[in-house]
Amino acid sequence: MMVLGIDIGGAQIKAGMVDERGAILASRTVPTPADLDAFLVSLHDAVRWLLEATTLPAGVGVGCKGTINPDSTQVETLWGGLHFLQGLRLSELVGLPKDVPVFADNDARVALAGEMVWGAARGHEHALMLTLGMGVGGAVLANGQLLRGHTGVAGNLGHITVEADGDPCACGGRGCLETVFSARAIEAAAWNAVHRGCASVLTRLFREQPQLVTCRTIFQAASEGDDVAAGIIAKAIRRLGAALAGLLHVFDPELVILGGHVADAGADLLVPLQEEVWSRSRGLLGREVPLVEQQVTDKSGIVGAAGLVMAPRG
Ligand SMILES: [Zn+2]
């Protein structure tokens with residue numbers, strides 16, 4: 001069986017044919033156009049090329065930013081460069097025969113769908129997924145199903161409040177998890193330290209090579225003993241741990257899956273985070289919930305989107 005996975009991002013549209021083992025057989029990437037007409041031409045060109053290279057897929061999975069109604073595939077809310085998709089049904093845009101089913105959902109749920117079929121959530125009924133990138137995405141697997149809620153925004157774990165009087169967030173709230181543990185938040189904290197003139201390897205590095213201001217550099221400096229970097233990382237991890245401990249009490253998952261490029265820090269993140277979560281949750285839960293890295297390593301989003309077709313649904 002082969003399915004078509006499509007990832008619609010702000011910069012690129014990626015489409016690929018994926019087999020039942022989760023391997024990409026053929027793929028196309030095109031820049032995201034600025035309006036609907038150009039978008040349809042680009043998408044249809046990519047799909048036509050894939051059909052010529054392979055065959056008609058058994059189903060289509062589409063990952064897209066914003067709030068997507070999974071029943072109708074309609075884009076309910078979507079801001080930014082892809083706003084022209086708002087109100088449209090993704091199933092009607094793909095351009096394949098009507099008997100090929102089309103499933104669609106937001107980025108984070110798509111990532112969890114991929115984990116359910118080929119990754120860390122396989123065989124599990126209860127799991128949390130956090131995608132730690134420039135922002136923080138989230139998705140919840142509860143009773144074997146992706147949790148969507150009344151209006152489709154359930155599982156938006158990046159926007160739970162961890163600081164009641166914290167910084168304003170893009171969502172309109174304050175002190176959301178995304179404002180304290182995301183690549184953007186960690187990098188901003190490092191910049192602030194540099195601007196204050198803190199004695200840190202970051203001060204020299206960032207002034208000489210501003211392109212090195214990345215989460216990876218800051219984690220690296222922390223692991224090499226830089227006190228300022230270590231303080232920034234420890235503070236961010238403490239807050240993420242506090243948020244996760246609360247989430248464990250709410251959802252009682254079997255495991256927590258961490259994806260996104262900030263999770264590439266690996267043990268430098270997972271080990272202190274696990275300690276923080278355990279210290280805050282052992283009393284009520286009485287068991288240590290494993291925190292694991294995402295296993296579907298495809299960064300394109302194509303495999304996750306394909307997983308949407310194959311994931312169990314209620
Ligand atoms: Zn927020």
Side-chain angles (χ1 to χ4, degrees), residues 7-11 63-70 75-83 85-86 104-112 127-142 146-192 213-215 218 232-251 253 256-263 265 269 273 276-277 280-281 291 294 301 304:
D7 178 83
I8 301 173
C64 187
K65 298 196 172 306
T67 306
I68 315 295
N69 181 329
V75 179
E76 302 288 358
T77 40
L78 181 53
W79 299 303
L82 287 163
H83 63 277
L85 293 178
Q86 182 149 338
D105 218 323
N106 72 33
D107 295 345
R109 289 203 202 109
V110 160
L112 180 51
L128 302 183
M129 171 117 207
L130 281 173
T131 53
L132 306 167
M134 290 311 282
V136 175
V140 176
L141 173 67
L146 288 169
L147 191 69
R148 293 194 163 92
H150 178 53
T151 60
V153 299
N156 220 327
L157 309 179
H159 296 284
I160 56 168
T161 305
V162 292
E163 288 187 338
D165 301 314
D167 291 335
C169 180
C171 73
R174 295 191 85 90
C176 295
L177 176 59
E178 183 169 292
T179 69
V180 298
F181 196 100
S182 58
R184 203 179 278 126
I186 292 169
E187 289 162 11
W191 260 125
N192 285 339
V213 185
T214 65
C215 230
I218 302 160
I232 290 167
I233 296 297
K235 188 173 176 185
I237 288 177
R238 198 157 59 246
R239 292 164 175 186
L240 175 60
L244 263 179
L247 291 169
L248 298 190
H249 290 120
V250 175
F251 293 106
V256 177
I257 306 165
L258 302 178
H261 72 270
V262 182
L269 168 63
L273 182 60
E276 185 70 35
V277 173
R280 291 171 181 265
S281 61
L291 311 181
Q294 186 171 16

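Start at 1 and go down the list; that is how both ligands and their atoms are numbered. Note that this is a predicted model, so its numbers are computed, not measured.
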Undergrad: List the residues meeting side-chain contact (heavy atoms from CB on, under 4.5 Å) with A243, not counting sequence neighbours, and say none if there are none.
TA: I160, V162, L177
Undergrad: Taking all heavy atoms of G155 and all of V140, pick out the closest pair and write down the distance.
TA: CA-CG2, 3.9 Å
Undergrad: Given 3.5 Å as the limit, does a donor-acceptor pair link the side chain of S182 with the main chain of V136, or not?
TA: no
Undergrad: What is the total of protein N/O/S atoms that are closer to the Zn ion (ligand 1) than 2.8 Å?
TA: 4
Undergrad: Taking D107 first and then K65, would you say they form a salt bridge - that is, a charged N and a carboxylate O separated by under 4.0 Å?
TA: yes
Undergrad: Of the options I233, V262, L269, which is the one that meets C215 in a side chain to side chain contact (heavy atoms under 4.5 Å, CB included)?
TA: V262
Undergrad: Please report the interatomic distance CG(L157) to CG(L128), rounded to the nearest 0.5 Å.
TA: 6.0 Å
